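See below for the structure under consideration.
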Amino acid sequence: MKNKSKLLLTVRGVQRGFGQEEVSEITTSADYFIKDGTHYLFYSEKTEEGRTLKNRLTITPDVVELKKSGGGDSLLRFREGHSEPCVYHSPAGPMQMVSDTKRIHLHTKEEKLHLTLEYSFYMSGMLVSEYHLTVEGKTLPEESE
């Protein structure tokens, strides 16, 4: 992948909890760059309430951070094999949670980026839900001037 490019980004999440499974998926454009081995993705998404959230996804070989702003700031941190405290802003308000990351796998080649993230959220020591998140980015052709 180039050090800086525009990507077509697909973020797909599967959430399991309380005997139910919920799938969400967004496709959007993202600004991508890599610096000192750290991958940065900047993209926006619309909530069900119609608000626009700005997202920054930061990826290193062993840590992934997702910062959301625009509807109450959230910072979710994932470190494979570790638990991390986090505050998640839901429609019901901020929730103190712990993320327990089972797997982070990043694969990049030529014009594609693929991230797999498997984690669980706990609140007050109780399992809230388990997640399987995939992020796929494909370089968009450069616009000619």
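Keep in mind it's a predicted model, so treat the numbers as computed, not measured.
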List the atom of [X], the atom of [Y], and the distance in Å for their closest heavy-atom pair.
X: Arg77; Y: Ser99; result: O-OG, 2.8 Å
X: Gln96; Y: Val87; result: NE2-CG2, 3.4 Å
X: Lys102; Y: Glu80; result: O-CG, 3.7 Å
X: Gly137; Y: Leu7; result: CA-CD1, 4.1 Å
X: Ser29; Y: Tyr43; result: O-CB, 3.6 Å

_Salt-bridge contact Lys68-Glu45 (side-chain N to carboxylate O under 4.0 Å)_ = yes
Does a side-chain heavy-atom distance below 4.5 Å link [X] with [Y]?
X: Tyr122; Y: Asp100; result: yes
X: Arg51; Y: Lys46; result: no
X: Asp73; Y: Leu75; result: no

If you round to the nearest 0.5 Å, how far is [atom2] of [Y] from [atom1] of [X]?
X: Leu106; Y: Ile104; atom1: CG; atom2: CD1; result: 9.5 Å
X: Lys67; Y: Leu53; atom1: NZ; atom2: CG; result: 13.0 Å
X: Met97; Y: Leu76; atom1: CE; atom2: CG; result: 9.0 Å
X: Arg79; Y: Thr101; atom1: CZ; atom2: OG1; result: 9.0 Å
X: Cys86; Y: Tyr119; atom1: SG; atom2: OH; result: 9.0 Å
X: Lys112; Y: Thr139; atom1: NZ; atom2: OG1; result: 10.0 Å

*Can you list the steps and then say if Leu66 with Asn55 is a side-chain contact (heavy atoms from CB on, under 4.5 Å)?*
CA-CA 7 Å; Leu66 176 59; Asn55 298 302; 4.2 Å; yes
*Step by step, would you call Glu21 with Val14 a side-chain contact (heavy atoms from CB on, under 4.5 Å)?*
CA-CA 7 Å; Glu21 181 174 288; Val14 178; 3.7 Å; yes
Going by atom type alone, with no hydrogens or angles, which donor-acceptor pairs under 3.5 Å involve a side-chain atom of residues 126-133 and a protein atom two or more places apart or on another chain?
unit_1 : atom_1 : unit_2 : atom_2 : d
Ser129 : OG     : Tyr131 : OH     : 3.4
Tyr131 : OH     : Gln15  : NE2    : 3.3
His132 : ND1    : Glu118 : OE2    : 3.3

_side-chain contact (heavy atoms from CB on, under 4.5 Å) assessment of Ile59 paired with Leu41_ = CA-CA 9 Å; Ile59 309 165; Leu41 293 157; 4.2 Å; yes
*With the 4.5 Å side-chain cut-off for hydrophobic clustering, are Leu8 and Ile34 part of the same group?*
no
*Taking Thr28 for its side chain and Leu9 for its backbone only, find out whether a donor-acceptor pair lies under 3.5 Å.*
no
*Would Val64 and Leu57 count as a side-chain contact (heavy atoms from CB on, under 4.5 Å) if you check the C-alpha gap in whole Å, the side-chain angles of each, and the deciding distance to 0.1 Å?*
CA-CA 7 Å; Val64 173; Leu57 187 62; 3.7 Å; yes
*List in chain and number order the residues that pass side-chain contact (heavy atoms from CB on, under 4.5 Å) with Lys54, two or more places apart in sequence or in another chain; answer none if no residue qualifies.*
Ser44, Ser69
*Test side-chain contact (heavy atoms from CB on, under 4.5 Å) applied to Asp31 - qualifying residues, sequence neighbours left out*: Lys6, Phe42
*Could you walk me through whether Arg56 and Glu65 pass the salt bridge (charged side-chain N to carboxylate O under 4.0 Å, His left out) test, one step at a time?*
CA-CA 8 Å; Arg56 181 195 74 206; Glu65 285 186 352; 3.7 Å; yes
*Mutual orientation of the aromatic rings belonging to Phe33 and Tyr40 [parallel < 30°, tilted 30-60°, perpendicular > 60°]*: parallel
